[in-house]
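Reviewing the structure listed below.
Lettering of chains follows the sequences in order, A, B, ..., and the numbering in each one begins at 1. What you see is a predicted model; the values in this text were computed from it and never measured.
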Protein chains: 2
Amino acid sequence: MTRAAEGRTRRAAGELTPVEARIMRAAVRLFAEQGFDGTTVQQVVDAAEVTKGALYHYFESKDDLLYEIYHSLIAIQLAGAERILAAGAGPAETVRALVVDLVETTAAHVDEAAVFGREMHKLAAERMAAVRADRRRYHEAFRGVVERGQREGVFRAEPPAETVTLVALGVVNQLPSWYRPDGPKPPGQLGAEIADFVLAGLRPD
Amino acid sequence: MTRAAEGRTRRAAGELTPVEARIMRAAVRLFAEQGFDGTTVQQVVDAAEVTKGALYHYFESKDDLLYEIYHSLIAIQLAGAERILAAGAGPAETVRALVVDLVETTAAHVDEAAVFGREMHKLAAERMAAVRADRRRYHEAFRGVVERGQREGVFRAEPPAETVTLVALGVVNQLPSWYRPDGPKPPGQLGAEIADFVLAGLRPD
DNA sequence: GCGCGCCGACCGACCAGTCGGTACGTGCGT
DNA sequence: ACGCACGTACCGACTGGTCGGTCGGCGCGC
């Protein structure tokens with residue numbers, strides 16, 4: 001059995017050999033800078049200081065790298081959402097926590113997020129479906145919190161919950177195009193400001 | 001002089017020969033579906049029912065097509081912004097008109113917007129600079145309106161104008177990833193709902 | 001001395017862009 | 001009225017180069 005096949009399950013469990021980690025780090029950086037198609041496998045192995053043989057020993061294909069990048073990001077974000085939802089706070093506090101967490105994790109993984117946003121559509125149909133399902137789960141969980149707040153009367157009823165969700169998740173998905181780690185505002189503050197603005201649009205008269 | 005060189009100025013003035021228009025339409029659709037690098041020049045010419053010779057007669061390179069796509073979109077959007085700003089309405093009405101116009105033009109040119117968002121970074125340095133400058137102009141014009149409303153007291157002072165701008169333009173830029181022309185809500189309504197929500201976040205207590 | 005982990009030259013496919021050529025309309029000298 | 005020269009529009013086989021992926025081999029630990 002080659003490591004490439006075995007690797008899928010091992011990596012799915014979050015375990016990475018040092019060589020795999022180096023390859024992933026190099027791939028994410030290069031894909032973010034130059035795009036997936038604009039980056040050659042040779043550039044990745046050079047940057048990771050390994051050889052093509054090693055890369056294809058651990059990964060099945062170039063596409064495989066793309067999927068792993070998505071996977072490492074979505075796993076973190078869904079875990080955050082589940083943790084926050086499970087805490088069982090009120091709608092306002094939950095929305096705030098969700099937005100702040102999303103902004104912080106996205107900022108901490110800007111390269112992954114940038115690659116994901118730009119190249120998601122290049123995934124094979126099957127993997128694409130898995131991605132879409134995860135995204136929709138997040139989207140619906142968020143909208144559910146907004147709807148609950150509206151039913152309970154802690155949020156204004158007028159803005160369609162769907163629109164609020166689109167706006168909130170929209171900024172976050174767009175974040176890689178303007179966020180700079182060395183910018184003046186730390187991610188936590190950015191998240192808080194965005195959350196405040198979203199909640200301001202929801203506060204009852 | 002080849003048409004490819006002449007074409008730059010002629011196309012900049014908004015004039016397109018029928019052949020150029022066919023090529024552009026095919027290119028936009030294919031780039032939106034498969035990405036820029038994922039689309040071959042041969043596919044474009046086949047879809048446009050012309051030959052490679054014709055394409056390279058009218059365009060200098062594949063990159064040229066990308067730039068023309070951007071150009072046709074940004075020209076419309078900046079024109080809309082200037083028209084609205086020139087109308088001289090109050091901050092609230094101006095913000096609303098800006099958002100609605102942006103959503104409507106983006107929806108009317110989803111393919112262009114999708115390609116632009118994903119492949120902008122592939123532009124050559126010089127053209128990239130021109131793009132960035134235009135985007136910043138739009139961004140700053142929008143923020144300026146928000147700041148004016150805050151100074152005049154018609155908007156709440158708390159949300160940083162920069163954050164409001166990031167949120168408003170963020171949804172619009174993200175629109176190609178979820179908007180479907182055959183969806184239940186027409187673009188005008190979508191724009192109105194988003195504008196309402198943004199203005200709700202700005203309305204004074 | 002055997003096999004796992006890795007090496008890297010090489011292969012076949014593919015692709016942007018080229019270029020020698022064709023077809024046709026226009027104007028001009030006779 | 002005719003034909004010749006010229007420019008524009010377009011054609012499509014071909015080239016030079018690139019890239020993802022392969023595979024026979026090799027060295028080191030056991």
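Atom CZ in Phe36(A) sits roughly 10 Å away from atom C1' in dG20(D) (whole-Å rounding). The distance from atom CD of Glu60(B) to atom P of dA16(C) is 17 Å, rounded to the nearest whole Å. Atom CD in Gln43(A) sits about 15 Å away from atom P in dG21(D), given to the nearest Å. Atom CD1 in Ile23(A) sits roughly 14 Å away from atom P in dG5(C) (whole-Å rounding). Following rounding to the nearest Å, Glu20(B) (CD) and dA9(D) (P) show an atom-to-atom distance of 10 Å. The CD atom of Gln42(A) sits 14 Å away from the P atom of dC10(C) (whole-angstrom rounding). The separation between Asp37(A) atom CG and dC14(C) atom P is 15 Å, rounded to whole Å. The nearest whole Å value for the distance from the NE2 atom in His57(B) to the P atom in dT8(D) is 9 Å.
For Thr51(A), taking side-chain heavy atoms from C-beta onward, the closest of the listed nucleotides dC6(C), dC11(D), dA16(C) is dC6(C). Which of dT22(D), dC7(C), dA9(D) sits closest to the side chain of Tyr56(A) comes down to dT22(D).
The pair Arg127(B)-Asp63(B) fails the salt-bridge criterion, with no side-chain N (NZ, NE, NH1 or NH2) lying under 4.0 Å from an Asp/Glu carboxylate O. Glu147(A) has no carboxylate O lying under 4.0 Å from a charged side-chain N of Arg151(A), or vice versa, which leaves the two without a salt bridge.
Along DNA chain D, the nucleotide closest to Ala54(B) and the one closest to Lys62(A) are compared, and the more 5′ of them pairs with Ala54(B). Ranked by how close their nearest DNA chain D nucleotide is to the 5' end, Gly53(A) and Thr39(A) are led by Thr39(A).
Counting only heavy atoms from C-beta outward, the side chains of Pro91(A) and Thr94(A) never approach each other to under 4.5 Å.
Listed by first and then second residue, the side chain to side chain donor-acceptor pair (under 3.5 Å) pairs that reach into residues 183-196 of chain B are Thr163(A)-Glu193(B), Arg96(B)-Asp196(B), Lys185(B)-Glu193(B), Gln189(B)-Glu193(B), sequence neighbours excluded.
Distances shown here put every side-chain N or O of Lys52(B) at or beyond 4.0 Å from the OP1 or OP2 atom of dG12(D).
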